[in-house]
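First the structure, in the form of structure tokens, and then the observations on it.
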Amino acid sequence: MAKSKVIKACMVCASTNLDSLPGGADSFFTKSGFSTLSGMSHCRNCGETRVPLEFDSEESYKEFVKSKKNRRATR
């Protein structure tokens, strides 16, 4: 059984347009010497740099997006 792809999203704006950032305490180095995992991502949509939320299905991601829109509408 194939494992489903994890969807990573910005916790601020729910965008999936993220860039992974190198470095950090939990990073490791590739053979070329580059640090590959910090756990942090930079959102190209809102500019925030944070640990992204991870969703195991598109349905759960869509529920999160819907909840973000509902919160904005009630403010």
Side-chain angles (χ1 to χ4, degrees):
M1 181 178 217
K3 187 176 180 181
S4 62
K5 184 179 177 185
V6 173
I7 299 170
K8 293 185 178 185
C10 175
M11 67 174 59
V12 176
C13 71
S15 173
T16 57
N17 191 5
L18 306 173
D19 290 323
S20 294
L21 298 179
D26 296 326
S27 65
F28 65 90
F29 291 87
T30 63
K31 290 180 183 177
S32 61
F34 292 105
S35 173
T36 58
L37 295 176
S38 69
M40 301 290 281
S41 291
H42 175 78
C43 179
R44 289 184 179 182
N45 187 51
C46 71
E48 289 289 325
T49 300
R50 298 177 183 226
V51 175
L53 297 174
E54 294 184 355
F55 300 91
D56 58 358
S57 70
E58 190 168 342
E59 294 80 25
S60 60
Y61 169 68
K62 286 180 179 180
E63 286 178 28
F64 173 69
V65 171
K66 185 178 177 181
S67 72
K68 294 291 278 185
K69 288 180 182 177
N70 289 340
R71 277 190 229 139
R72 282 189 217 127
T74 59
R75 288 186 181 176

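We use all heavy atoms of the structure for the numbers below, so side chains are in, but hydrogens, waters and symmetry mates are not.
- Going from atom CG of Leu18 over to atom CD1 of Ile7 covers 11.5 Å, rounded to the nearest 0.5 Å.
- When all heavy atoms of Ala14 and Lys68 are compared, the closest pair comes out as CB-CG, 4.2 Å.
- Of all non-hydrogen atoms in Val51 and Met11, the two that sit nearest each other are O-CE, 3.2 Å.
- Summarising the geometry, atom OG1 belonging to Thr16 is positioned 12.0 Å from atom CG belonging to Leu53; distances are rounded to the nearest 0.5 Å.
- In this structure, Ser57 OG and Lys62 NZ are separated by 10.0 Å, a value rounded to the nearest 0.5 Å.
- Residues Ser41 and Ser20 share a closest heavy-atom pair of OG-CA, 4.1 Å.
- The minimum heavy-atom distance linking Ala9 with Phe55 is given by the pair CB-CE1, 3.9 Å.
- Scanning all heavy atoms of the two residues, the minimum distance from Gly47 to His42 falls at O-CE1, 3.2 Å.
- Across all their heavy atoms, Val12 and Arg50 have their closest contact at CG2-NE, 3.6 Å.
- In this structure Glu63 satisfies the salt bridge (charged side-chain N to carboxylate O under 4.0 Å, His left out) test with no other residue, sequence neighbours excluded.
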